[in-house]
Amino acid sequence: MQPVECGTCGNKVLAEKFSPSHTSVQWLDDAESACPEFARRAALGEHSSWIPTCPALRDSIENAVRAGALATDQLRHEPVPGRLG
């Protein structure tokens, strides 16, 4: 996962993309306190686990892909029990 900063609010997350349709995001802070969009929706009574994404963060991730800062062609390597390397 690579760090990505939201171009709107400056929130930092870790993100990875293995194809144009696949995006994984790991929040480094509580989403409701780190992201104005999540905070706004939470204030309206929506639980953050039901909010699919922040449009500004999604755009920032796509911009990172276009800039070459976040690759989409890397294969994911998961550790295999009992096997080194």
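All figures in this text were calculated on a predicted structure; none of them were measured in a lab.
Arg40 is linked by a salt bridge (Lys or Arg N to Asp or Glu O under 4.0 Å) to Glu37, counting only residues two or more places apart in sequence or in another chain. Looking at residues two or more places apart in sequence or on another chain, you find no side-chain hydrogen bond (donor to acceptor under 3.5 Å, both in side chains) involving Glu5.
Side-chain atoms of Ser33 and Phe38, non-hydrogen and from C-beta on, never get closer than 4.5 Å to each other.
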Candidate pair Gln26 and Glu16, rule side chain to side chain contact (heavy atoms under 4.5 Å, CB included), full reasoning: CA-CA 9 Å; Gln26 180 178 336; Glu16 62 186 0; over 6 Å; no
Side chain to side chain contact (heavy atoms under 4.5 Å, CB included) assessment of Val4 paired with Lys12: CA-CA 6 Å; Val4 175; Lys12 293 181 183 172; over 6 Å; no
Test log, rule side chain to side chain contact (heavy atoms under 4.5 Å, CB included), inputs Trp27 and Asn11: CA-CA 9 Å; Trp27 290 81; Asn11 176 42; 2.9 Å; yes
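Here the side chain of Ser24 pairs no donor or acceptor atom with the backbone of Ala15 at under 3.5 angstrom.
Expressed to the nearest 0.5 Å, how far OG1 of Thr8 lies from CG of Asp59 amounts to 7.5 Å. Separation of atoms SG (Cys9) and CG (Leu57) is listed at 7.5 Å; rounding is to 0.5 Å. Between the NZ atom in Lys17 and the OG1 atom in Thr23 there is a gap of 2.5 Å [rounded to 0.5 Å].
Among all heavy-atom pairs drawn from Ala34 and Pro36, the shortest one is O-CD, 3.9 Å.
Remark: Glu32 does not engage Arg41 in a salt bridge, criterion side-chain N to carboxylate O under 4.0 Å.
Here the options are Leu14, Val13, Leu28, the test is side chain to side chain contact (heavy atoms under 4.5 Å, CB included), and the partner is Pro3; only Leu14 passes.
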